[in-house]
Each structure stands twice: as structure tokens, then as C-alpha cells.
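Contents: one structure, followed by commentary.
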Amino acid sequence: MDPKAPITQDVMTIPRKTIEAGKRNLVGMTRDQMRDALIEMGTPEKQAKMRTGQIWQWIYQWGKRDFADMTNLGKAYRAQLAEHFVIEIPEVVTRQVSEDGTRKYLCRIAGGHEVEVVYIPEEGRGTLCISSQVGCTLTCSFCHTGTQKLVRNLTAGEIIGQVMMARDDLDEWPVPGAPKDETRLLSNIVLMGMGEPLYNFDNVRDAMKIAMDAEGIQLSRRRITLSTSGVVPEIARTAEEIGCLLAISFHATTDDVRDVLVPINKRWNIEELLGALADYPKASNSERITFEYVMLDGVNDSDEDAHRLIDHIKRHNIPAKINLIPFNEWPGAPYKRSSNNRIRAFANIIYQAGYASPIRKTRGEDIMAACGQLKSATERARKSRKQIEAEAGLNT
Ligand code: SAH
Ligand code: SF4
């Protein structure tokens, strides 16, 4: 299916596979972890590195999930692998396709929890927005995810599994011998779904290392963007250990306002955050930092805010672009979206100061695919199912 073609809403439900108990999942292991696991299973030490390389390529380069397909491994070895391991990724529960081609997946992970994944096709590229946690421990006052209780961190396998799931759905695994496809449908990853990625650092790092691995999914570090609310001590680590692009949920220009919108500001304030950001490009050799700025009517959207924002960035000499996000309202949200005129005026001040100031297009509105909207949609679906059952007298 061409993901760019306008398609009407399509919801499907896929029954859940049973998980085989006692077997370890190879998905999400680092190369070293996989090597150790193979040795534990009885693979001779001097073969383990080569076997890891072979299995790695089958899983991440060719998208194989069945050991029987790994034809460069002996039959007996494949059977042994199947006894000890599984190759498993999150299960798609529902998939919706927007009129604009945006795809929203609801995925089920171990324990029955659910996470959202959104695929956004654009001209010549496609971005996958993935989640790092179920819910979030932080309580940003404009974010719906922030009103949900954290259930748990995702494992590295569940994080990279979201990418593998999307490649399945886009039918984008290469076929052996086929020419290399330079224009990928899934060309970029943003860690902008549910959760604070820097509060799940090790798993996010391991998963992104897999995404960047030259013998696997092979995404350049420049095509991966991690968005954080400002966990200052982990920002330098992000540069050193992941090296991807950084987006920062800035959202306010004074500590008083940011303390309310992004409460982690009470722990690390604007000046401390800007200091860490100023060091980031040097440490990671990366390009501009994206400042995300949600436009909230009468709260953070004045001309003075725009000037202060520029002043912060200039004072610290941070290579930056400013991404203005029209607020996505959710039931009970204490804010309103700034008017289009206000957003344009704000963008213009930033642009005049010499910085790119794109206004984020809201995508997939018809399927509630914007930030923080998915969970509410599922909750609504649940409620109505309950209501239906009640009406039918099934829950007595
Ligand atoms: N926890 C990380 C990443 C996930 S949120 C972070 O905060 O950066 C991804 C982006 O969506 C963040 O910039 C977040 O502030 C923004 N966001 C959250 N709720 C939103 C809403 N209702 N409307 C618009 N943007 C929102
Ligand atoms: Fe968590 Fe990010 Fe939402 Fe804040 S904006 S509550 S950090 S997901």
C-alpha cells in the first residue's frame, strides 16, 4: 500500500500471539549481550562473535523472525536457537490510517500495557514517532501523557521493536540481492511519543545503537532526534553515548512560567539547561538543537516571550531552530491554543532574529494522532465498550 495515498480511516485488530515462556528475546540485546547469551546456550566462544553477526543481520537487516529462515546457520544450530530464544516485537492491536497518510498504531507490550507509535509520511522521507515509557513520571501541565501514572519503562527490545513493527507494516525490509533503496519510507526516528527518554537512558541508548548499527537498520545518527523536557545531567551523556540530534521541550522563557509548564525546571532551571545545551553540539558534533515551544494562549505566547527566547539562545550561542507547536487540546486541559495570527507573529520575531521558526503542522488529526491524544482515544473506546456491555446486560 502506498502510505502517501489518501486513505480513509481503517481500523484493524490483530489477535495476540501467545508468548512462549522461558525463552529469552534476542530483540533489544546489544551485540555483547547477544554474544554472551549464545555462549550460555553452548555456542563455542571462538564462534560466538561470528554467530552474533550472522543472527544480527538476519534480525535487523533482513527483518527475519523465524530461525528457520537463517539459512547460513546449520540446521541443528537453528533448532537449538529456537529452543532457547524468541525474536519478538510489540504486537499491533489497532492501526489507523489518516486521510493525510499518517498511521497511528496502538501496540501491546508485556504485561498488557499499551504504547502509541505514529508514522508521518512526508515528501521524500517518513518519520516514526516512538515511545520510551508507558506514561510519564513528569507532570507537564499541558501534556496529557503527564496526567497518566507511569506504568513502566520500555525495554530496549520494546523500543527498537516499534521501529521493526513499522517496517513490517510499511513492508520495507530489503530482499536479499535487491538493489539498495535510498529513499526510505521510514527514514527518520523521533523519540517524541510517550515518556521522558532520558529517564530510561540505558534502554533508549541500546535501542538507538541498534537503529544506527551498520549491519542492521542503518539509520544515520542525524536521522534520529531525542526530545527531552530537560534532564540536565543526562544531556551530556546523550551526546557521548548516543550522538543523535537533540530537541528540547523549552516552552517558556521565564523560570516562573517554566516551573508550572515543565515542572522539572524546579530541579534544573533555564540557565542550567541552556548551559548543558550550549555544550551539546560540541560534544556530539551535531547540528542545530531544536527548541520545541508549545503555543498556549496568553501563557507563553507574547512578543516579549519571543524576544526573551531569542535572547536566551543568543546569550549562550546555541545553534538552534525553534519549532512552534500549536497546542493540541485534550479533555480537561487547562490551556487554549494560541490563535494562528499570534503564532505567526511570534514566528516572525524569531525569524527576523535569524532563526528558523517552523510551525509544526498538525498531522493525523482525524485519527487523534497528535501528542497526548492517543491514550485518551483508547480510554474513550474502553468506556464505550463497557457502556455497550452494560446496555446488553453483560457485566452483571
Ligand atoms: N518527554 C519528552 C518527549 C515526549 S513529548 C519531552 O517532553 O520532550 C514530545 C513533545 O510534545 C514535547 O515537546 C511535548 O512538550 C509536546 N507536547 C506534549 N503535549 C502536547 C500537547 N498537548 N500539545 C502540543 N504539544 C505537546
Ligand atoms: Fe512527560 Fe514530555 Fe509529557 Fe512532560 S511533555 S509530561 S516530560 S511526556
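Note that the structure is predicted; figures quoted are calculated from it, not measured. Whatever order the structure lists ligands and atoms in, that order sets their numbers, starting from 1. Only this structure's heavy atoms are used, side chains among them; waters, hydrogens and symmetry mates stay out.
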For ligand 1, note which part of [X] has a heavy atom under 4.0 Å away: side chain, backbone, both or neither.
X	result
W330	side chain
V294	side chain
T228	backbone

Determine if the distance from atom 2 (Fe) of ligand 2 to the closest protein heavy atom is below 4.0 Å. no
Counting from 1, what ligand 1 atoms have a heavy atom of [X] closer than 4.0 Å?
X	answer
H251	13 (O), 14 (C), 15 (O)
G195	1 (N), 2 (C), 3 (C), 4 (C)
I325	24 (C), 25 (N)
C143	18 (C), 19 (N)
E292	10 (C), 12 (C), 13 (O)

Evaluate the salt bridge (Lys or Arg N to Asp or Glu O under 4.0 Å) criterion for residues R65 and D168: first the C-alpha distance (whole Å), next the side-chain angles of each, then the deciding distance (0.1 Å), finally the verdict. CA-CA 11 Å; R65 305 286 151 73; D168 287 354; 2.8 Å; yes
Lys/Arg-Asp/Glu bridge criterion (N-O < 4.0 Å) met for [X], [Y]:
X	Y	value
D202	R205	yes
R337	D301	no
K314	D311	no

Ignoring angles and geometry beyond distance, decide whether P197 reaches within less than 3.5 Å of ligand 1 through its nitrogen or oxygen atoms. no
More than 12 foreign heavy atoms under 6.0 Å from OH of Y351: is that the case here? no
Verify same cluster id: I359, I349 (apolar side-chain graph, 4.5 Å): no
Does H312 have its ring centroid less than 6.0 Å away from the ring centroid of F291? no
My understanding is that only residues two or more places apart in sequence, or in another chain, count here; which of them pass ring pair (Phe, Tyr, Trp, His ring centres under 6.0 Å) with Y355? none
Passing option when I89 is tested against M164, R167, Q162 for side-chain contact (heavy atoms from CB on, under 4.5 Å): M164
Compare P326, S249, A333 and give the one whose heavy atom is closest to atom 8 (O) of ligand 1. S249
Note: heavy atom closest to atom 4 (C) of ligand 1, options G230, S227, G193, belongs to G193
Mind telling me whether W330 and H144 have parallel, tilted or perpendicular rings, with 30° and 60° as the class edges? parallel
Among residues at least two apart in sequence or on other chains, which ones pass salt bridge (charged side-chain N to carboxylate O under 4.0 Å, His left out) with D303? R342
With a cut-off of 3.5 Å and sequence neighbours excluded, list every side-chain donor-acceptor pair involving residues 39-50.
from, atom 1, to, atom 2, distance (Å)
T43, OG1, L38, O, 2.8
T43, OG1, Y77, OH, 2.8

At a cut-off of 2.8 Å, list the protein N/O/S atoms near atom 1 (Fe) of ligand 2, residue plus atom name. C136 SG
